[in-house]
Amino acid sequence: DGFPSTDPAPPLTALPATRQEAERVAGTLHAAPERLLLGPQASEHNLRALGPSAGLLHFATHAVLNPARPLDSYLALRPGGSEPEDDGRLTVGELHTLELPADLVFLSACRTAAGRLSADGLLGLTRAFLFAGARSVVATLWDIPDQPSARLVEGFYARLPRGADRAAALRAAQLGLLRELRAGHVQVETVAGRVTLPEDPALWAAFVLIGEP
């Protein structure tokens, strides 16, 4: 996630935990099957078809930043079809042309809160979604690890139906993941075998809420 600017874009590696993350979010929210866009279904065309009807948008994917041309920074989707818009890159520039009045957009990808500072603010994905009509955006300040982030996301959505506001739910999810890390309960598979992750803030503190609480 969150590759530096290169042209052409770098190859994007697989994110093993993202499918499970998306499925669990959909299950927690009791989303209709057609609202869960996985694999070939996760295209720009299908996202645009949701349009103004999407009360919540959750992206579990790669974010590719282009500091030199911030309007070309994008979320990676699945390419498909013959339409130019379906190239698999949902760019900052494209977001400025969409209507996405979602109550919440959750960007579970690396450095989605980053961008280039301009005279009228930070040019990047977060601002683009707010411009498109989102009331709140959860984004990340730095590169995030796949599996611990999926656990944090699950904790966030589990708390929303209880009446907690989004800021309180995010804080509670971060503290929950921190407690799990301190207890040594978060392990990941690596080429060297199973590794227990430390309580490093890099693993739980990257997510921020921007917009309405």
Side-chain angles (χ1 to χ4, degrees), residues 1-15 18 21-22 25 35-144 146 149 153 166 206-212:
D1 270 336
F3 292 96
S5 172
T6 58
D7 194 11
L12 301 178
T13 59
L15 298 172
T18 54
E21 175 183 326
V25 169
R35 297 280 179 170
L36 177 60
L37 304 180
L38 298 172
Q41 297 301 313
S43 66
E44 289 182 73
H45 173 79
N46 288 339
L47 173 64
R48 290 170 185 268
L50 294 177
S53 69
L56 186 151
L57 290 168
H58 182 90
F59 294 88
T61 183
H62 284 287
V64 178
L65 304 182
N66 191 329
R69 298 191 301 274
L71 293 180
D72 291 337
S73 296
Y74 65 91
L75 291 174
L77 300 178
R78 180 62 67 91
S82 57
E83 298 296 326
E85 69 181 28
D86 233 8
D87 62 356
R89 300 184 184 190
L90 182 62
T91 68
V92 169
E94 288 173 325
L95 284 166
H96 280 89
T97 69
L98 299 181
E99 290 187 24
L100 296 172
D103 287 331
L104 173 66
V105 175
F106 198 115
L107 302 178
S108 184
C110 295
R111 290 186 285 165
T112 49
R116 192 176 77 185
L117 188 62
S118 68
D120 58 348
L122 197 67
L123 297 175
L125 289 163
T126 300
R127 178 178 165 183
F129 275 103
L130 293 172
F131 186 89
R135 294 176 177 84
S136 299
V137 179
V138 175
T140 56
L141 296 170
W142 53 77
D143 290 351
I144 56 172
D146 190 24
S149 297
V153 166
R166 286 161 284 205
F207 290 90
V208 294
L209 177 72
I210 301 168
E212 297 180 10

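Here the side chain of Ser73 pairs a donor or acceptor atom with the backbone of Asn66 at under 3.5 angstrom. Judged by distance alone, with hydrogens and angles left aside, the side-chain atoms of Arg116 form no donor-acceptor pair with the main-chain N or O of Arg69 at under 3.5 Å. Not one N or O on the side chain of His58 forms a donor-acceptor pair closer than 3.5 Å with the backbone of Leu104. Judged by distance alone, the side chain of Ser136 and the main-chain N or O of Gly211 form no donor-acceptor pair under 3.5 Å. Arg89 contributes no side-chain N or O that, together with a main-chain N or O of Asp72, makes up a donor-acceptor pair within less than 3.5 Å. In this structure, Glu44 contributes its side chain and Asp87 its backbone to a donor-acceptor pair below 3.5 Å.
Looking at every heavy atom in both residues, Ile144 comes nearest to Ser108 through CD1-C, 4.1 Å. What you find for Ala134 and Val137 is that their closest heavy atoms are CB-CG2, 4.2 Å. Taking every heavy atom of both residues into account, His62 and Ala109 meet most closely at C-CB, 4.1 Å. The two atoms that bring Pro70 and Pro67 nearest to each other are CD-O, 3.7 Å, heavy atoms only. Nearest heavy-atom pair across Arg166 and Asp103 is NH1-O, 2.8 Å.
Atom CG of Asp146 sits about 9.0 Å away from atom SG of Cys110, to the nearest 0.5 Å. To the nearest 0.5 Å, atom CG of residue Leu47 and atom CG of residue Leu100 are 6.0 Å apart. Here the straight-line distance linking atom CG of Leu71 with atom NE2 of His96 works out to 7.0 Å at 0.5 Å rounding. Annotation: the span from Leu77 atom CG to Gln41 atom CD amounts to 12.5 Å, rounded to 0.5 Å. Taken from OG1 in Thr126 to CG in Leu95, the straight-line distance is 10.5 Å, to the nearest 0.5 Å. Leu98 CG to Arg48 CZ: the interatomic distance, rounded to the nearest 0.5 Å, is 4.5 Å.
Residue Phe59 forms a side chain to side chain contact (heavy atoms under 4.5 Å, CB included) with just one option from Leu125, Leu90, Thr112, and that option is Leu90.
The shortest distance between side-chain heavy atoms of Val92 and Arg127 does not fall below 4.5 Å. Counting only heavy atoms from C-beta outward, the side chains of Leu107 and Phe129 approach each other to under 4.5 Å.
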Practice problem: Determine, step by step, whether Arg78 and Leu37 satisfy the side-chain contact (heavy atoms from CB on, under 4.5 Å) criterion, reporting the C-alpha distance in whole Å, the side-chain angles of both residues, the deciding distance to 0.1 Å, and the verdict. | Solution: CA-CA 10 Å; Arg78 180 62 67 91; Leu37 304 180; over 6 Å; no
